[in-house]
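I have placed the structure first, in the form of structure tokens, so that the comments after it can refer back to it.
Hydrogens, waters and symmetry mates play no part in the numbers below; they use all other heavy atoms, side chains included. One-based numbering, in listed order, for ligands and for the atoms of each.
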Amino acid sequence: MEKKKPLALACDHAGLPLKEELKKHLDALGEPYVDLGTNDRASVDYPEYAHKLCLEISSGRCARGVLVCGTGVGMCMAANKHKGIRAAVVSDTFSARMTRMHNDANVLCLGARVVGAGLAADILDLFLNTAYEGGRHQRRVDLLNALDENKKP
Ligand code: RB5
């Protein structure tokens, strides 16, 4: 059987406390992950961490990732500039489920200053365990992917 790919995790200084909570949650579930930093509270720039994480996905080492910053918004903007990345900033469980079912999101962005650890863990569970529906949504995901071709690398 093929080995399960680890989930990629990254954050900036504002996202660090929530990323640590999510790691505890993943440890309890026995879910494999790779932590790409940052790992201290010194101020860093979120686009650099989003880029690191997207490279893990585009290389095929990881299938999905989670990015955490203060709001989740900056990480999401940075991640969506990468080919093949469909990142969603989520702060409710309905959107967490729908972005997997309809958008086949491969990166979840969370705001440490927006959601508490309990809600974030529920959102992460839905992100990990909800299947993409395909069907009528595939045409739209194909159109999203086609937009990548118009982007400068
Ligand atoms: C850092 O202060 C903050 O701007 C960053 O974590 C994030 O919220 C950006 O979108």
Side-chain angles (χ1 to χ4, degrees), residues 5-29 31-130 132 137 140-141 143-153:
K5 289 185 180 180
L7 183 69
L9 300 179
C11 66
D12 71 357
H13 53 288
L16 181 61
L18 181 57
K19 187 188 71 179
E20 292 306 306
E21 291 298 325
L22 294 175
K23 281 165 61 180
K24 285 185 213 160
H25 183 67
L26 292 166
D27 287 339
L29 294 173
E31 280 284 338
Y33 60 82
V34 286
D35 182 356
L36 305 167
T38 187
N39 284 309
D40 66 52
R41 296 304 299 263
S43 183
V44 294
D45 298 326
Y46 59 81
E48 290 180 8
Y49 287 86
H51 183 58
K52 270 190 186 186
L53 182 135
C54 292
L55 290 182
E56 290 302 298
I57 295 177
S58 56
S59 70
R61 286 188 288 272
C62 297
R64 292 191 211 165
V66 178
L67 289 166
V68 192
C69 65
T71 58
V73 174
M75 285 292 199
C76 193
M77 288 179 169
N80 277 322
K81 291 187 178 292
H82 294 78
K83 185 173 177 172
I85 297 295
R86 289 177 304 283
V89 57
V90 172
S91 52
D92 67 277
T93 52
F94 179 73
S95 301
R97 192 177 321 109
M98 296 307 281
T99 202
R100 284 290 312 132
M101 288 169 67
H102 288 194
N103 314 123
D104 197 16
N106 52 10
V107 175
L108 171 67
C109 303
L110 293 165
R113 296 170 179 160
V114 180
V115 293
L119 176 56
D122 284 356
I123 289 170
L124 177 57
D125 288 345
L126 286 162
F127 177 70
L128 292 176
N129 299 321
T130 305
Y132 171 52
H137 302 295
R140 294 148 189 173
V141 170
L143 286 167
L144 276 180
N145 292 337
L147 293 173
D148 282 339
E149 304 310 321
N150 297 327
K151 282 185 184 169
K152 297 267 183 287

**Asked** Starting from atom 6 (O) of ligand 1, which protein heavy atom do you reach first, and at what distance in Å?
**Response** Asp12 OD2, 2.6 Å

**Asked** Do Ile57 and Ile85 have side-chain heavy atoms sitting under 4.5 Å apart?
**Response** yes

**Message:** Is His13 close enough to touch ligand 1? Criterion: a residue heavy atom under 4.0 Å from a ligand atom.
**Reply:** yes

**Item:** Closest protein heavy atom to atom 3 (C) of ligand 1, given as residue, atom name and distance to 0.1 Å
**Value:** Arg113 NH1, 4.0 Å

**Message:** Need the ligand 1 atom indices (1-based, order shown) with element for anything under 4.0 Å from a heavy-atom of Gly70.
**Reply:** 5 (C), 6 (O), 7 (C), 8 (O)

**Request:** Could you check if a side-chain atom of Lys23 sits within less than 4.5 angstrom of a side-chain atom of Leu9, using non-hydrogen atoms only?
**Result:** yes

**Request:** Please report which non-hydrogen protein atom sits nearest to atom 10 (O) of ligand 1, along with the residue it belongs to and the distance in Å to one decimal place.
**Result:** Gly74 N, 2.9 Å

**Request:** Just need the protein heavy atom nearest to atom 9 (C) of ligand 1, so name the residue and atom and give the distance.
**Result:** Tyr46 CE2, 3.5 Å

**Item:** Proximity to ligand 1 by part of Thr71, non-hydrogen separation under 4.0 Å
**Value:** both

**Request:** Indicate yes or no for a side-chain donor-acceptor contact from Thr99 to the backbone of Ala96 under 3.5 Å, with no hydrogens or angles considered.
**Result:** no

**Message:** For Cys69, which part has a heavy atom under 4.0 Å from ligand 1: side chain, backbone, both, or neither?
**Reply:** both

**Message:** So for ligand 1, is Gly72 a polar contact partner (N or O within less than 3.5 Å, distance only)?
**Reply:** no

**Request:** Determine yes or no for a side-chain-to-main-chain donor-acceptor pair under 3.5 angstrom, with Asp45 supplying the side chain and Glu48 the backbone.
**Result:** no

**Asked** Which of the atoms of ligand 1 are close to Ala14, meaning less than 4.0 Å from one of its heavy atoms?
**Response** 6 (O)

**Prompt:** Can you find a heavy atom in the side chain of Asn145 that is under 4.5 Å from one in the side chain of Arg86?
**Reply:** yes

**Prompt:** Using 30° and 60° as the class limits, which term best fits the ring planes of Tyr132 and His137: parallel, tilted or perpendicular?
**Reply:** tilted

**Prompt:** Roughly how far, to the nearest 0.5 Å, is CG of Leu124 from OG1 of Thr93?
**Reply:** 13.0 Å

